[in-house]
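Below is one structure, written out as structure tokens; comments come after it.
As a basis for the values below, the full set of heavy atoms in this structure was taken, side chains included, without hydrogen atoms, waters or symmetry mates.
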Amino acid sequence: MLADVKPRFGIVWRGDVGAERLGLTSNERLRPVFEALADVGATAEPVVYRDEIADDVRQRLAGFDGVLAWVDPVGRGETRAVFDRVLRDVGNAGVWIGSHPDVIDLIGTKDVLYDTRLLGWGSDVRRYERWLVGTGRVRVHQADVRDTATADVSLPEFLRRFEGSFGDGGRLIDQPFQPRIVEGLIRAYLVADRVVGFATQSAQTLLDTPGAAANVMGLPAAKTMFGPDADSFAVLRREVEGAWVPDMQRLLGVPTARLPALWDCDFLLGPPDDGGRDTYMLCEINASCITPYPVEAAPALARLAIASITT
């Protein structure tokens with residue numbers, strides 16, 4: 001790269017023709033990333049994606065030094081299957097991919113809960129790869145629906161709902177119920193292997209309804225953001241950076257340079273330890289489309305992006 005040529009990054013998100021016309025104004029949440037890249041001497045261009053223009057997007061992305069993508073696994077009726085092929089092709093051509101789909105497949109699915117169950121953030125997770133049988137009844141609550149509705153169904157009926165999940169290599173991940181889920185979750189945001197902030201998220205407005213606490217399971221709500229040095233998360237940060245993420249890297253064979261440029265780990269509160277201190281249990285890793293994010297994330301992401309294409 002010539003010294004007087006600014007590094008160029010493509011910033012990708014999913015959208016329609018209207019989003020293409022609007023460019024960045026169609027996704028203001030990403031403006032801090034554009035500004036942070038400008039601050040470190042790079043240029044960033046919006047690239048709106050959908051499967052029907054995948055070939056055109058592939059050609060555009062091949063002309064950048066690096067690509068940062070915010071594309072949900074499921075959105076606008078599309079999966080990431082086609083887009084991931086685009087990223088792999090572009091990456092194989094020498095373009096730096098901020099969050100490579102191979103790594104997202106490794107850590108950004110529920111399998112990681114099983115694969116890392118013996119680490120410090122783990123729990124007694126089971127993985128089923130064939131049809132299950134059972135008796136009894138279970139109470140079912142859909143966690144991504146913002147209400148307190150539950151249904152009591154027979155276990156065979158509940159299992160029948162997952163029959164289609166076992167095709168094409170699918171599997172069922174079973175994680176122990178955590179009673180403190182009613183207190184919500186804590187999200188640790190990372191740029192590569194460094195924590196850049198935290199968020200808390202709960203269903204308190206629903207929990208204020210009489211009798212709701214027995215049903216609500218830490219549903220999505222507005223996030224409250226905190227910086228990486230927040231005292232209330234000092235222990236969690238120390239464990240994430242000093243133990244749990246390095247342990248995951250060793251276990252799964254993911255070097256630091258291959259970690260996603262921006263990702264997060266979601267934790268539920270486990271039972272207090274013998275000293276009355278909180279414990280934490282990993283419930284999900286997100287690595288493909290992280291918004292919103294703490295204000296500290298964009299500058300750290302820009303610094304990582306520049307370092308990754310110049311070393």
Side-chain angles (χ1 to χ4, degrees), residues 107-127 138-150 173-190 193-248 251 263-287 290 292-294 296-297:
I107 72 172
T109 66
K110 292 294 185 180
D111 276 328
V112 75
L113 301 180
Y114 179 80
D115 294 336
T116 65
R117 67 194 183 280
L118 300 181
L119 302 186
W121 64 21
S123 57
D124 184 21
V125 175
R126 311 293 176 90
R127 180 168 64 191
V138 294
R139 176 165 294 176
V140 180
H141 181 255
Q142 188 169 330
D144 60 351
V145 176
R146 300 187 183 194
D147 61 33
T148 62
T150 62
I173 302 296
D174 180 15
Q175 186 171 38
F177 177 75
Q178 296 298 313
R180 296 183 70 187
I181 196 170
V182 296
E183 299 177 49
L185 61 81
I186 300 169
R187 175 167 290 180
Y189 294 88
L190 296 98
D193 61 345
R194 297 292 96 185
V195 171
V196 294
F198 296 92
T200 57
Q201 191 173 12
S202 73
Q204 191 57 51
T205 55
L206 293 178
L207 288 169
D208 290 339
T209 303
N215 295 339
V216 176
M217 294 178 58
L219 294 171
K223 297 178 179 68
T224 302
M225 295 289 181
F226 301 85
D229 298 320
D231 291 340
S232 54
F233 304 114
V235 172
L236 179 58
R237 179 181 182 179
R238 183 168 64 247
E239 294 288 359
V240 168
E241 289 186 338
W244 298 340
V245 168
D247 288 347
M248 179 198 73
L251 179 66
W263 58 299
D264 69 61
C265 301
D266 290 353
F267 295 95
L268 299 177
L269 292 170
D273 64 17
D274 293 340
R277 295 175 291 269
D278 284 331
T279 60
Y280 303 92
M281 183 188 77
L282 181 70
C283 66
E284 188 170 41
I285 289 178
N286 301 291
I290 312 302
Y293 42 77
E296 294 86 353

- Quick one: do Asp174 and Arg127 make a salt bridge, cutoff under 4.0 Å? no
Hits for side-chain contact (heavy atoms from CB on, under 4.5 Å) against Asn286, two or more places apart or cross-chain, chain-then-number order -> Arg187, Asp264, Asp266, Glu284, Ile290
Looking only at heavy atoms, what is the nearest atom pair of [X] and [Y], with distance?
X: Ala188; Y: Phe267; answer: CB-CE1, 4.2 Å
X: Ala199; Y: Met225; answer: CB-SD, 3.7 Å
X: Pro176; Y: Val125; answer: CD-N, 4.3 Å

Quick check: do [X] and [Y] have side-chain heavy atoms less than 4.5 Å from each other?
X: Gln175; Y: Ser123; result: yes
X: Trp121; Y: Val240; result: no
X: Gln178; Y: Pro271; result: yes
X: Pro272; Y: Thr279; result: no
X: Pro246; Y: Asp193; result: no
X: Leu236; Y: Trp244; result: yes
X: Ile186; Y: Leu269; result: yes
X: Leu190; Y: Val245; result: yes

Here the gap from Phe233 atom CZ to Tyr280 atom OH, rounded to the nearest 0.5 Å, amounts to 7.5 Å
Output for pair (Asp278 CG, Asp273 CG), nearest 0.5 Å, gives 8.5 Å
### Task
Please confirm whether the backbone N or O of Pro228 pairs with a side-chain atom of Arg237, one donor and one acceptor, at under 3.5 Å?
yes
Could you tell me whether the side chain of Thr116 and the main chain of Met248 form a donor-acceptor pair under 3.5 Å? no
Hits for salt bridge (charged side-chain N to carboxylate O under 4.0 Å, His left out) against Asp124, two or more places apart or cross-chain, chain-then-number order -> Arg126
Applying salt bridge (charged side-chain N to carboxylate O under 4.0 Å, His left out) to Arg194 and not counting sequence neighbours gives Glu241
Crowded around Asp231 CG? As in, over 12 foreign heavy atoms under 6.0 Å?
-> no
